[in-house]
Amino acid sequence: MFNCDQCGLCCKKVGVTEQYKHLDRGDGVCLHFDTSTNLCGIYEDRPVICRVDESYDLFFKDQISLQEFYSLNYKACDTLKRLELHKMSDLKLAFEDKFEELFGYKPWNGDEKQVRNALEIICQGKSKKDEIIAIIDTSISTNGKSGMVLTLDSVYVKDAGNSTSKFIAKYEDIESTYINEDRFLGVDITALELNTNYGTQYRISIDKISKRKLMEFLDYASSLYQEDDKLEW
Ligand code: SF4
Ligand code: SF4
């Protein structure tokens with residue numbers, strides 16, 4: 001039996017293969033792919049072209065051996081995985097370089113407990129360890145309840161004392177950023193504001209990082225995601 005580890009990569013690349021193109025939901029991902037579980041949403045009823053063993057019996061049995069057919073498929077899985085790794089490491093390097101250029105130090109690399117707090121409390125389970133670029137705000141190291149995490153595709157903000165400062169914005173959705181220099185009752189409440197292409201506006205008022213530099217980082221990140229060709233394989 002074909003040994004699939006359910007990485008989901010083939011289901012996210014149906015747009016590039018002629019025989020799977022009809023499954024493309026518009027961005028190359030299969031319309032039956034469940035992005036929340038990273039699994040096929042119609043697994044029991046998936047088309048025959050998605051069933052390696054049945055495809056062999058129906059279409060390839062008379063042309064090549066099962067072993068040859070398996071190795072062709074494993075090779076394709078391997079290529080997808082290598083491309084994905086390559087894409088991720090290139091992106092990560094670009095983000096880390098940009099961060100260092102702006103802030104003058106390498107992005108924070110915390111210990112296991114700090115990373116776990118950031119992933120569970122700030123990212124709320126929506127990101128993975130190897131996707132983290134930087135974790136900001138020292139309160140993470142003490143109570144883990146507030147802070148900011150910059151990942152490969154999103155900025156996560158959670159301020160324990162202010163429920164309005166709690167959001168996840170994908171870089172690809174950031175339309176514009178600006179510094180709102182404001183005062184309230186004589187107190188400086190300058191904030192970095194983000195406008196998204198779905199109409200929501202967010203405020204980032206965390207003090208432990210230069211808002212202007214953060215704005216530059218987010219502008220850079222969103223520009224990478226706007227220039228599709230930089231992220232295409
Ligand atoms: S790329 Fe290969 S291992 Fe990953 S889900 Fe597809 S068939 Fe399975
Ligand atoms: S139907 Fe299911 S198995 Fe086939 S490409 Fe779509 S998500 Fe993947």
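Atoms within a ligand are numbered from 1 in the order they appear, just like the ligands themselves.
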Query - Interatomic distance, S222 atom OG to I174 atom CD1 [nearest 0.5 angstrom] - result: 5.5 Å
**Report entry** Protein heavy atom at shortest distance from atom 2 (Fe) of ligand 2
**Finding:** C40 SG, 2.4 Å
Query raised in the report: Where do Y156 and I168 come nearest, in terms of heavy atoms and distance?
Result: CD2-CG1, 3.4 Å
Query - Polar side chain donor-acceptor pair, S71 to E68, under 3.5 angstrom - result: no
Report task. Provide the number and element of each atom of ligand 2 under 4.0 Å from a heavy atom of C30. Result -> 1 (S), 5 (S), 6 (Fe), 7 (S)
**Report entry** Close-contact set for ligand 2 against P47 heavy atoms, below 4.0 Å
**Finding:** 1 (S)
Query raised in the report: Rounded to the nearest 0.5 Å, how far does OH of Y70 lie from CD1 of I64?
Result: 11.5 Å
Query raised in the report: Considering only heavy atoms of K81, which atoms of ligand 1 have at least one such atom less than 4.0 Å away?
Result: 3 (S)
Report task. Check whether any side-chain N or O of Y56 sits under 3.5 Å from a backbone N or O of L66 as a donor-acceptor pair, and report yes or no. Result -> yes
Query raised in the report: Can you tell me if an N/O/S atom from C50 lies under 2.8 Å from atom 8 (Fe) of ligand 2?
Result: no
Query raised in the report: Which pair of heavy atoms, one from V14 and one from V29, lies closest together, and at what distance?
Result: CG2-C, 3.7 Å
Report task. Identify which protein N/O/S atoms are less than 2.8 Å from atom 8 (Fe) of ligand 1. Result -> C4 SG
Query raised in the report: So which heavy atom in the protein is nearest atom 8 (Fe) of ligand 2, and how far is it from that ligand atom?
Result: C11 SG, 2.4 Å
Query - Least distance between heavy atoms, Y202 atom then A169 atom - result: CE1-CB, 4.1 Å
Query raised in the report: Side chains of E175 and N195: donor-acceptor distance under 3.5 Å anywhere?
Result: no
**Report entry** Flag, side chain of K92 to backbone of D130, donor-acceptor distance under 3.5 Å
**Finding:** yes
